[in-house]
Amino acid sequence: SERYNARDAEPRWQRLWDEQAIFVSRNDDSRPKYYVLEMFPYPSGRIHIGHVRNYTLGDVLARFMRAKGFNVLHPMGWDAFGLPAENAAIERKVAPKAWTYDNIAAMKKQLRSIGLSLDWSREFATCDPSYYKHQQKMFLDMLAAGLAEREKRKLNWDPVDMTVLANEQVIDGRGWRSGAVVEQREMSQWVFKITKYSQELLSALDGLDRWPDKVRLMQRNWIGRSEGLLIRFALDQATTPAGENELKIFTTRPDTLFGAKFMAISADHPLAQAAAAKNPKLAEFIADIKKIGTAQSIIDTAEKQGFDTGIRAVHPFDPSWKLPVYVANFVLMEYGTGAIFGCPAHDQRDLDFVNKYGLGNIPVVCPEGQDPKSFVITDTAYDGDGRMINSRFLDGMTIEQAKDEVAKRLESELRGNAPVGERQVNFRLRDWGISRQRYWGCPIPVIHCPKCDVVPVPDADLPVVLPEDVSFDKPGNALDHHPTWKHVTCPKCGGKAQRETDTMDTFVDSSWYFARFTDPWNERAPTTPAVANRMLPVDQYIGGVEHAILHLLYSRFFTRAMKATGHIALDEPFAGMFTQGMVVHETYQKADGTYVQPAEVKVEVGGNGRRASLLTTGEDIQIGPIEKMSKSKKNTVDPDDIIETYGADVARWFMLSDSPPDRDVIWSDERVQGASRFVQRLWRLVNDSIELGKAAPVARPASFGPDATALRKAAHGALDKVTTGIERLHFNVCLAHIREFANSFSEILQRPGQPAGDPTPDLAWAIREASQILVQLFSPMMPHLAEECWQALGQTGLVSEANWPQIERDLLVEDSVTLVVQVNGKKRGDVTVATAAQNPEIEAAVLALDAVKLALDGKPVRKVIIVPKRIVNVVG
Ligand code: ANZ
Ligand code: ZN
């Protein structure tokens with residue numbers, strides 16, 4: 001038979017799937033539903049190889065579940081708002097809208113060439129007014145429900161680009177694009193009240209048992225629940241500006257109070273402001289440290305700095321003990337009370353601080369087995385377990401006992417009318433600031449009126465559509481510069497008013513798209529609750545681990561907000577979450593350090609290992625480390641090239657075969673060629689089997705000879721393993737089983753003494769059955785090749801629509817053994833198990849026997865002794 005020609009076959013099958021609309025799922029389908037979703041792409045212009053991996057993983061599952069008889073929902077759309085479109089407008093003078101939709105068209109063509117079983121009838125882009133209209137409506141619903149609010153916040157302001165920057169966009173205190181020193185500005189922002197759900201978002205993580213543990217842990221840490229004590233320290237009046245008389249701090253370690261050496265407050269703390277008013281040096285220090293960004297990472301890495309305000313705080317257990325109050329750059333106003341007491345012996349940051357300013361330390365927790373007298377701290381703080389020392393009435397207690405004792409005493413001690421201490425739970429999670437001073441985003445649907453303040457845009461006026469006649473000649477927000485767009489009349493009083501010109505963070509767009517996919521045709525409302533509640537949650541969501549926190553947390557919040565505003569009736573959007581690894585590749589560098597593309601390099605394997613040279617000039621190329629594919633390192637491969645050269649099935653097979661889906665996969669041309677050879681092998685194997693299976697009787701033979709049985713065992717064994725493998729997303733294991741099955745199939749076909757073309761009827765029948773099973777097994781991974789084979793096998797209809805084959809379980813009992821079963825040494829029967837069965841399995845089978853239960857007569861089992869392959873003795 002001829003070689004399989006992917007270039008001819010793939011587009012042909014893609015067209016047929018399309019014409020027959022077989023991947024379109026209907027909302028009135030009564031079969032059980034299965035919702036598979038991969039994170040939708042940003043339309044940057046090109047699909048990259050990471051997308052191919054992501055979508056292939058989801059596609060295997062979608063195709064498999066469809067074959068299993070589910071009503072599969074597998075939609076695709078575009079996360080289409082965001083900064084790159086504006087940059088393109090600035091750099092290339094193309095309108096953001098045109099740029100975005102052109103990119104979508106190009107990428108859609110690429111996605112189609114991968115052969116994904118997507119329901120394109122539900123496609124939308126988040127920049128479609130028909131999508132963001134509903135987002136605006138939900139914003140207004142959230143505003144009415146108290147889940148959206150205006151809040152004054154300190155933000156990173158880039159004075160050159162005239163925009164607020166996210167923490168991630170501030171690099172070493174400078175704007176990532178402009179390079180300007182970023183200022184901290186207090187500005188009014190729209191926030192979503194995600195903190196109302198802090199505890200719930202945390203607790204519900206326990207129930208997400210089909211999520212990766214690492215993702216749940218990252219969310220737990222991000223939410224950052226801590227239990228501690230609020231303590232009101234009195235201030236020594238002689239040292240304190242008028243009107244200030246106490247300092248409130250939050251601590252998770254009240255047990256360490258007798259190890260306190262200083263107090264520290266944030267530069268934004270009112271007490272710092274008050275002290276700075278009379279101390280120019282302090283004011284200068286504060287201005288200095290305020291220049292650094294507010295990102296935790298910046299604060300963690302910056303050198304610890306402080307300035308003594310001269311104010312003294314009084315120790316809550318000793319009126320004569322005075323502690324200096326510093327303004328310090330590592331205390332955040334946004335957490336706790338913006339003030340701390342520092343215990344250097346047991347906190348590394350505090351220790352670094354006192355070592356710098358010569359304040360000393362007192363250890364108060366002594367590790368078990370250590371002599372307290374010789375326990376000193378110099379450069380490394382001790383944050384482990386132990387007993388209290390140097391702590392008066394706490395001495396000898398455990399940390400937990402000491403925490404409790406301090407809390408009890410301070411709770412019952414009053415100053416003024418209030419207790420000095422109060423137990424408190426704090427969360428690190430902050431409300432979600434969604435205002436962006438950007439054009440290419442979803443307009444926030446409110447109007448600012450000088451008389452009426454903030455007025456929601458009436459429902460009838462939605463959507464607030466982005467104007468298209470915008471100019472990017474000036475830096476900043478093009479919406480704000482637009483001559484007319486923002487000038488409106490107030491819907492309430494009819495007076496002159498202004499539209500909000502901030503747009504929403506693009507993370508809002510991706511926080512509910514999965515819900516919109518369930519009924520994207522509804523023009524009146526974001527969702528059709530009856531449909532959304534039936535189709536959600538997403539059964540399997542697949543995407544990169546880089547979204548472990550923001551996107552996945554925001555979506556969990558937004559789903560709750562949609563529930564609170566009546567758009568949906570569930571809390572958790574994603575029942576199963578899978579984070580795939582990256583596609584990585586080695587890097588190639590010339591002697592001068594410039595990177596070159598893999599396609600320009602020839603790699604040879606010689607005596608001294610692998611060496612590389614440049615194809616054009618032959619000059620030496622240095623093989624660098626394996627890294628994530630990136631434009632800057634030039635170690636990318638272009639999906640179009642791969643599909644053009646080898647076909648989509650080869651790319652898909654390679655992506656799935658080499659490593660478990662949650663690990664990184666190293667792109668290797670040799671391995672891709674291996675996948676390509678395997679495609680041809682399968683094609684030959686199926687064609688050979690057609691010849692040999694010709695003589696097969698229609699009816700299933702009454703009995704099978706040894707060859708036929710061996711083949712059937714191989715086929716059903718593979719079917720069993722691939723079925724469970726796909727269900728667990730162990731795709732690389734599935735592929736290994738398919739390979740193994742193909743090998744034993746070939747062997748049986750080529751067995752000597754079996755005259756070609758003339759097998760016995762039972763073997764012919766088994767060959768036909770095996771070839772059908774084989775094709776179905778690889779059809780989720782290589783759907784085009786599978787269709788071609790299915791057709792060659794003479795099947796009517798498409799393999800993409802065929803039901804998954806039924807497993808014959810009897811064939812799975814690989815060589816079994818029968819063991820004698822005894823209870824307390826007396827034979828009570830026997831049991832047959834697979835030779836490979838492990839002891840726990842054998843034990844379970846034995847204890848389930850009625851004869852054994854009868855003999856035990858309710859007595860507990862004390863021991864089960866297994867003599868391999870012979871006897872099982874139950875001792876009761
Ligand atoms: C005294 C102490 C002694 C502390 C010790 C720690 C160790 P988590 O667990 O993250 O909640 N802290 C409180 N507010 C702060 C702020 N606004 N900026 C910077 N640090 C702040 O951390 C709570 C601990 O972080 C608190 O407990 C406080 O330092 C510090 F051996 O109080 B601790
Ligand atoms: Zn008004």
Side-chain angles (χ1 to χ4, degrees), residues 154 198 220-231 233 247-269 271-272 289 294-296 298-300 302 304-306 313 315-316 323 326-354 361-365 377 380-386 388 390-391 399 402-403 406-407 421 423-430 446-458 487-499:
K154 225 176 55 178
S198 297
R220 267 187 206 110
N221 290 341
W222 185 263
I223 294 168
R225 182 184 197 274
S226 43
E227 286 177 16
L229 197 65
L230 260 167
I231 305 177
F233 279 71
L247 181 59
K248 245 194 205 163
I249 63 99
F250 173 71
T251 178
T252 48
R253 295 292 307 270
D255 54 304
T256 65
L257 253 181
F258 290 103
K261 273 290 172 187
F262 65 97
M263 315 287 294
I265 59 179
S266 161
D268 295 307
H269 197 281
L271 187 60
I289 65 171
T294 53
Q296 186 71 51
I298 299 173
I299 287 157
D300 290 345
K304 313 286 163 275
Q305 288 183 62
H315 195 281
L323 292 155
Y326 280 74
V327 173
N329 65 345
F330 57 83
V331 183
L332 300 166
M333 195 58 219
E334 288 76 26
Y335 189 68
T337 61
I340 65 160
F341 81 82
C343 174
H346 304 291
D347 183 285
Q348 190 60 45
R349 202 178 47 183
D350 295 347
L351 185 63
D352 294 345
F353 190 79
V354 294
N361 77 73
I362 313 166
V364 291
V365 177
I377 300 284
T380 310
Y382 177 71
D383 62 4
D385 235 337
M388 303 310 300
N390 302 328
S391 295
I399 292 176
K403 279 181 181 174
V406 169
R423 287 180 220 245
Q424 200 186 47
V425 173
N426 260 340
F427 292 92
R428 265 195 192 275
L429 186 64
R430 293 287 79 113
V446 298
I447 289 164
H448 299 277
C449 170
K451 280 200 214 108
C452 320
D453 198 17
V454 172
V455 184
V457 171
H487 302 291
V488 289
T489 52
C490 170
K492 227 182 198 169
C493 69
K496 274 194 185 166
Q498 283 204 353
R499 276 194 198 291

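These numbers were taken from a predicted model, which means no experiment stands behind them. Just so you know, ligand 1 is whichever comes first in the structure, and atom 1 is the first atom listed for that ligand.
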Subject >> Closest candidate by heavy atom, reference atom 24 (C) of ligand 1, pool Asp350, Thr252, Asn221 >> reply: Thr252
Original post:
Judged by atom type as modelled, is there a donor-acceptor pair below 3.5 Å linking the side chain of Asn426 to the main-chain atoms of Ser226?
Top reply: no
Original post:
Does Asn390 use its side chain to pair, donor to acceptor, with the backbone of Pro363 at less than 3.5 Å?
Top reply: yes
Original post:
Where is the nearest protein heavy atom to atom 25 (O) of ligand 1: which residue, which atom, and how far?
Top reply: Arg349 NH2, 4.2 Å
**OP:** Please report which non-hydrogen protein atom sits nearest to atom 18 (N) of ligand 1, along with the residue it belongs to and the distance in Å to one decimal place.
**Re:** Leu332 N, 3.0 Å
**OP:** Check ligand 1 against Arg253 and write out every atom of the ligand that is under 4.0 Å from a heavy-atom position of the residue.
**Re:** 2 (C), 3 (C), 5 (C), 6 (C), 7 (C)
**OP:** If you have a sec, work out which protein heavy atom is nearest atom 33 (B) of ligand 1 and how many Å separate them, to one decimal?
**Re:** Thr251 OG1, 3.6 Å
Subject >> Where ligand 1 meets Phe341 - atom numbers and elements under 4.0 angstrom, heavy-atom basis >> reply: 1 (C), 32 (O)
Original post:
Which of the numbered atoms in ligand 1 are below 4.0 angstrom from a heavy atom of Ile340?
Top reply: 12 (N), 13 (C), 14 (N), 15 (C), 20 (N), 21 (C), 28 (C), 30 (C)
Original post:
Do any N or O atoms from the side chain of Gln498 and from the backbone of His448 form a donor-acceptor pair under 3.5 angstrom?
Top reply: no
**OP:** Report yes or no: does His487 contribute a side-chain atom to a donor-acceptor pair with the main-chain N or O of Lys496 at less than 3.5 Å?
**Re:** no
Original post:
Which of the listed options, Thr256, Asp347, Asp255, Ile399, holds the heavy atom that is closest to atom 6 (C) of ligand 1?
Top reply: Asp347
**OP:** Give the intermediate values and the outcome of side-chain contact (heavy atoms from CB on, under 4.5 Å) for residues Val365 and Arg253.
**Re:** CA-CA 11 Å; Val365 177; Arg253 295 292 307 270; 3.9 Å; yes
**OP:** Measure the distances from the heavy atoms of Met333 to every atom of ligand 1 and state whether one is below 4.0 angstrom.
**Re:** no
Subject >> Ligand-residue contact atoms, ligand 1 with Ser226, heavy atoms, under 4.0 Å >> reply: 8 (P), 9 (O), 11 (O)
**OP:** Name the closest protein heavy atom to atom 31 (F) of ligand 1, giving the residue it belongs to and the distance to 0.1 Å.
**Re:** His346 O, 3.2 Å
Subject >> Per-atom contacts, ligand 1 versus Arg428 - under 4.0 Å to a heavy atom >> reply: 8 (P), 10 (O), 22 (O)
Original post:
Can you find a heavy atom in the side chain of Leu247 that is under 4.5 Å from one in the side chain of His269?
Top reply: yes
Subject >> Residue part near ligand 1, for His269, under 4.0 Å between non-hydrogen atoms >> reply: neither
Subject >> Non-hydrogen side-chain atoms of Lys492 and Lys451 separated by less than 4.5 Å >> reply: no
Subject >> Heavy-atom side-chain proximity of His346 to Asp383 below 4.5 angstrom >> reply: no
**OP:** Determine yes or no for a side-chain-to-main-chain donor-acceptor pair under 3.5 angstrom, with Asp352 supplying the side chain and Lys304 the backbone.
**Re:** no
Subject >> Angle subtended at the Zn ion (ligand 2) by Cys493 SG and Cys449 SG, rounded to 10 degrees >> reply: 100°
**OP:** Would you check if Lys403 and Leu229 make a side-chain contact, meaning some heavy-atom pair closer than 4.5 Å?
**Re:** no
Subject >> Three-point angle Cys452:SG, the Zn ion (ligand 2), Cys490:SG, rounded to the nearest 10° >> reply: 110°
**OP:** Go through the steps for Phe330 and Ile340 under the test side-chain contact (heavy atoms from CB on, under 4.5 Å), then give the verdict.
**Re:** CA-CA 10 Å; Phe330 57 83; Ile340 65 160; 3.9 Å; yes
Original post:
Considering only heavy atoms of Val331, which atoms of ligand 1 have at least one such atom less than 4.0 Å away?
Top reply: 16 (C), 17 (N), 18 (N), 19 (C)
**OP:** Give the numbers and elements of all ligand 1 atoms closer than 4.0 Å to a heavy atom of Phe330.
**Re:** 18 (N), 19 (C)
